[in-house]
Amino acid sequence: MTVGEDLLWDADDKSTRRVARLRRIGVAAGFLGFLGLALWRESDVTWVLCAGALHLLGESAYWAWDRRRLVEARLLAGGADGPGGLRLRRVGGRITEHDPHRVARVVVIHDNVNDLAKLRLRLRGGRFLFSRQSRPPALVAWRRACPEAEVSDRAARWGMPGIPDS
């Protein structure tokens with residue numbers, strides 16, 4: 001963190017979770033392979049191959065979606081030439097900088113059970129950005145950082161069984 005940067009969002013988990021994902025794929029492939037060998041003589045095993053392919057496609061789609069999620073948002077200090085920027089870092093490591101005046105909406109969604117929140121960020125032009133969970137940030141910092149944005153927070157729309165939503 002350099003001088004003049006304000007941390008607006010800092011996710012608890014910034015890793016890509018590759019080991020866990022590869023372990024799930026390996027266990028599912030091993031189980032379906034064993035099941036396919038066990039049922040080889042007694043029935044058609046194409047459903048086993050289809051189930052394995054669907055699992056692999058689902059994991060790949062989740063990986064592609066998850067690596068684009070935000071894990072960090074920083075407000076860069078402005079210099080003599082104008083205001084600072086908004087630096088966003090994603091799970092995959094990609095860092096982009098945006099003009100804070102291009103942010104249209106910031107929504108912090110509070111978890112109904114834990115003291116955690118998720119961030120929904122919309123840039124002008126219709127681009128949506130989602131984040132991983134973090135401690136709830138102060139909305140005042142987002143209002144100062146993005147003066148033209150609609151900044152709000154809300155509770156999650158669903159909760160845990162047995163815990164009333166309020």
Side-chain angles (χ1 to χ4, degrees), residues 1-28 31 54-79 82-166:
M1 186 163 149
T2 61
V3 175
E5 288 186 1
D6 291 331
L7 184 64
L8 297 173
W9 185 263
D10 190 29
D12 292 340
D13 181 16
K14 296 180 183 178
S15 69
T16 56
R17 302 177 185 163
R18 287 186 184 144
V19 173
R21 185 168 292 117
L22 289 175
R23 186 180 303 134
R24 279 195 311 266
I25 291 172
V27 167
F31 176 74
L54 283 174
H55 179 73
L56 185 60
L57 284 173
E59 284 289 336
S60 300
Y62 180 78
W63 172 79
W65 175 75
D66 185 49
R67 67 187 286 266
R68 298 183 62 214
R69 289 170 45 176
L70 296 175
V71 293
E72 191 175 271
R74 293 184 183 275
L75 181 65
L76 304 176
L86 186 64
R87 179 177 291 161
L88 304 174
R89 186 165 73 92
R90 299 178 186 194
V91 172
R94 183 174 175 211
I95 297 174
T96 56
E97 291 187 13
H98 303 275
D99 181 11
H101 296 286
R102 289 194 30 123
V103 176
R105 188 169 188 206
V106 177
V107 179
V108 176
I109 302 171
H110 297 275
D111 191 338
N112 292 336
V113 179
N114 301 319
D115 187 27
L116 296 172
K118 290 185 179 180
L119 178 72
R120 302 291 186 253
L121 193 67
R122 187 172 60 121
L123 302 176
R124 298 205 192 283
R127 189 167 174 203
F128 289 95
L129 300 170
F130 304 98
S131 74
R132 283 193 175 167
Q133 286 188 337
S134 173
R135 307 281 305 166
L139 295 180
V140 176
W142 279 102
R143 286 187 179 106
R144 262 187 281 129
C146 307
E148 297 176 15
E150 175 189 338
V151 180
S152 63
D153 66 338
R154 66 173 173 84
R157 292 203 169 99
W158 58 88
M160 296 293 290
I163 298 175
D165 294 336
S166 54

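Note: Leu7 CG to Glu72 CD = 6.0 Å, rounded to the nearest 0.5 Å. Atom CG of Leu116 and atom CG of Asp111 lie 6.0 Å apart (nearest 0.5 Å). In this structure, CZ on Arg154 lies 7.5 Å from CZ on Arg120, to the nearest 0.5 angstrom.
Remark: Ala117 engages Trp9, Val108, His110, Pro136 in a side chain to side chain contact (heavy atoms under 4.5 Å, CB included) (not counting sequence neighbours). Under the side chain to side chain contact (heavy atoms under 4.5 Å, CB included) criterion, Arg68 pairs with Arg90, sequence neighbours left out. For the side-chain hydrogen bond (donor to acceptor under 3.5 Å, both in side chains) test, no residue two or more places apart in sequence or in another chain qualifies with Ser60. Applying the side-chain hydrogen bond (donor to acceptor under 3.5 Å, both in side chains) rule to Glu97 yields the partners Arg87; only residues at least two apart in sequence or on another chain are considered. Contacts of Glu59 classified as salt bridge (charged side-chain N to carboxylate O under 4.0 Å, His left out), with partners at least two apart in sequence or in another chain: Arg21, Arg24. In this structure, the salt bridge (charged side-chain N to carboxylate O under 4.0 Å, His left out) partners of Asp115, at least two apart in sequence or on a different chain, are Arg135.
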Exercise for the section: Given side-chain contact (heavy atoms from CB on, under 4.5 Å), test Leu88 with Leu121 step by step and report yes or no. Expected result: CA-CA 11 Å; Leu88 304 174; Leu121 193 67; 4.0 Å; yes
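The stretch residues 141-153 participates, sequence neighbours left out, in these salt bridge (Lys or Arg N to Asp or Glu O under 4.0 Å) pairs: Arg105-Glu150, Arg124-Glu148.
When the options Val103, Asp99, Leu86 are evaluated for a side-chain contact (heavy atoms from CB on, under 4.5 Å) with Leu123, the one that passes is Val103.
Closest approach of Trp142 to Val151, counting heavy atoms only: CB-CG1, 4.0 Å. Contact between Pro100 and Gly85 at its shortest, heavy atoms only, is CD-CA, 3.9 Å.
Phe130 and Phe128 have parallel rings, their planes meeting at less than 30° on a 0 to 90° scale where 60° marks the start of perpendicular.
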